[in-house]
Amino acid sequence: GRKMEALRLENQELRERLRFLVDNQERAKACVSEYIYENNREKDALLFRIKELKEMTAKLRLEIRSYQKREDDGVGLEMDENGEIKAGTVEKLVENLYITNEKTNTSSAGTVEFAQAFLYTYRSFASPKEVLQLLEQGVAALGTTLPPEQRSTGRAKIVNFLRKWIDIAFHDFEEGGLIQDLDHLISTLGKQDDKLAGILRNAMNSKVKGGRGIVKSPSRPIVFNAPAPKPIPPKTLTSVLDINPKELARQMTLWQYDLVHAIEIKEFLGLAWMKSDSKARSPHLYAMMNNFNEVSRWVSTSIVRETNLTKRINLVSHWLSVVETLNELNNFHAIFQIIAGLGNSSIYRLRKTFAKVPTSKRQCLEEMRVLTDPHKSWTNYRNTIHKIDPPCVPFLGTYQTDLTFVEEGNPDKFANGLSNFKKCRLWAQIISEIMQYSQLPYNLQALPTVQSWIQKEVAGAQLDEKELFELSLVAEPRT
């Protein structure tokens with residue numbers, strides 16, 4: 001009986017413990033369910049918040065883009081501290097040729113200076129076709145979408161720019177096959193303003209009928225107020241001494257003016273003359289540089305070939321007389337050439353020759369050496385050329401040095417992708433100085449026979465340094 005009672009009590013205890021465990025299990029399940037429920041609620045809340053934040057971010061991004069677009073539509077250009085255009089997209093730079101916005105209204109943007117800088121340098125960031133297409137889009141916009149007060153002014157600015165472009169660089173249209181494109185733009189303009197379209201059509205027709213338009217080709221023939229000085233033709237032509245030094249200077253100047261006058265603006269951009277294909281990229285500038293070297297060598301050769309001391313003295317004096325007239329004519333290119341030829345080591349060593357050169361000519365030589373001294377980036381030459389009036393044949397070495405500094409010291413584009421127009425303005429300042437000296441031609445009469453003889457002599461007098469020195473030793477042996 002006691003055993004049975006003990007078993008019953010144990011069984012009852014086990015049942016209670018089982019019931020306790022079951023109750024605890026149910027409570028645990030309830031807690032877990034509650035935790036899962038709360039966790040899911042929190043998760044849902046977090047997901048909702050994430051979605052809400054994403055929507056807010058997307059909205060902010062749209063607002064930022066809209067703000068940037070409004071800013072871009074209003075300006076699209078980066079200005080420097082002086083209110084000048086520092087950089088811009090091609091589209092906005094072209095647009096600024098005929099529309100002045102609020103930000104550029106007080107700067108040089110949209111002015112003649114900006115248009116000139118653009119015309120001189122646009123090839124560094126755009127093609128002729130691209131610029132012409134954007135201008136035609138501008139003409140169309142001026143006829144429809146822009147406010148009335150901007151239309152007539154904008155059209156006049158486009159016409160002035162295109163007329164200048166046609167006048168000084170018509171080869172852009174010829175070489176690019178863009179004459180039909182230009183004609184189409186003029187027709188589009190004619191629907192808005194016949195008079196302005198007629199101005200452009202006349203400018204274009206004068207170039208097409210007149211043949212190839214070259215840079216700086218004048219719109220009208222130059223009429224001089226006085227007759228050209230009477231030329232001094234040589235009686236015979238077997239030696240450079242047969243040509244009067246004044247006339248030799250004149251004929252050299254006419255020849256070299258034609259060379260510098262033919263240089264196209266694009267030849268100065270991107271250091272084209274230093275590239276492996278320089279002869280193709282800058283043919284006229286290449287010809288001018290080649291002329292410098294060849295004439296300098298001709299001067300040196302003409303002296304060392306003469307074994308007679310008296311005749312050699314006469315040759316040196318003759319060349320210095322030529323330099324005196326070149327100085328009067330502002331032909332600095334030829335002055336630098338002759339001084340370089342006289343400064344060649346094979347010539348410089350001829351002490352007996354130079355000792356007998358007349359004092360006045362030796363003084364001229366010293367003065368021209370000072371003028372052509374490259375010290376401090378040709379300070380003496382720069383000061384001199386800035387004081388003269390055209391016509392002039394400049395020495396281009398200084399400008400090529402300046403253009404090299406601009407090219408190597410400034411990027412074509414900034415990190416934001418905008419074209420560096422500040423660099424273009426620096427280029428344009430240098431190029432415009434070159435252009436101003438070759439706008440006005442010389443009032444001199446050409447002697448084709450003399451010029452032909454000079455050019456043949458130059459071509460046939462190209463001794464190398466070794467040959468020059470050997471002849472120099474024959475003329476004046478070492479002592």
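Small disclaimer: the values here were computed from a predicted structure and weren't measured.
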### Task
Return yes if some donor-acceptor pair links the side-chain N/O of Glu136 with the main-chain N/O of Leu132 below 3.5 Å, else return no.
no

### Side-chain (His333) to main-chain (Leu396) donor-acceptor, under 3.5 angstrom
no

When you check the gap from the basic side-chain N to the acidic O, do [X] and [Y] get nearer than 4.0 Å?
X: Asp172; Y: Lys129; result: no
X: Arg297; Y: Glu294; result: no
X: Lys423; Y: Asp412; result: yes
X: Glu324; Y: Lys361; result: yes
X: Arg123; Y: Glu267; result: no
X: Glu433; Y: Arg382; result: no

### Message
Go through it in stages, so that I can follow the logic: the residues are Thr401 and Trp378, the test is side-chain hydrogen bond (donor to acceptor under 3.5 Å, both in side chains), and I'd like the CA-CA distance, side-chain angles, deciding distance and then a yes or no.
### Response
CA-CA 10 Å; Thr401 299; Trp378 293 283; over 6 Å; no

### Query
Out of curiosity, Asn380 CG to Asp373 CG, how far, rounded to the nearest 0.5 Å?
6.5 Å

### Message
If I take atom CD1 from residue Ile434 and atom CG from residue Leu403, how far apart are they, to the nearest 0.5 angstrom?
### Response
6.0 Å

Would you say that [X] contacts [Y] through its side chain, given a criterion of any heavy-atom pair below 4.5 Å between the two side chains?
X: Arg349; Y: Ser472; value: yes
X: Lys164; Y: Asn160; value: no
X: Lys422; Y: Asn410; value: no
X: Gln455; Y: Trp255; value: yes
X: Arg250; Y: Leu447; value: no

Are [X] and [Y] near enough that their ring centres are under 6.0 Å apart?
X: Phe118; Y: Phe125; answer: yes
X: Tyr348; Y: Phe354; answer: no
X: Phe336; Y: Phe292; answer: no

Testing the 3.5 Å rule here: is there a donor-acceptor pair between the side chains of [X] and [Y]?
X: Gln337; Y: Asn291; answer: yes
X: Asn331; Y: Gln256; answer: yes
X: Glu247; Y: Gln251; answer: yes
X: Gln429; Y: Asp402; answer: no

### Query
Could you go step by step and tell me if Asp194 and Arg201 meet the salt bridge (charged side-chain N to carboxylate O under 4.0 Å, His left out) rule?
CA-CA 10 Å; Asp194 283 339; Arg201 194 167 298 284; over 6 Å; no

### Query
Which atoms form the tightest heavy-atom contact between Trp427 and Thr121, and what is the distance?
CB-CG2, 3.7 Å

### Message
Please find the pair of heavy atoms, one from Ile168 and one from Ile265, that lie closest to each other, and give the distance.
### Response
CD1-CD1, 3.6 Å

Counting only heavy atoms not in [X], do more than 12 fall under 6.0 Å of its [atom1]?
X: His386; atom1: NE2; value: yes
X: Phe405; atom1: CZ; value: no
X: Lys413; atom1: NZ; value: yes
X: Gln180; atom1: CD; value: no

### Task
Applying ring pair (Phe, Tyr, Trp, His ring centres under 6.0 Å), run through Phe268 and Tyr399 and close with a yes or a no.
CA-CA 9 Å; Phe268 291 110; Tyr399 301 106; 8.4 Å; no

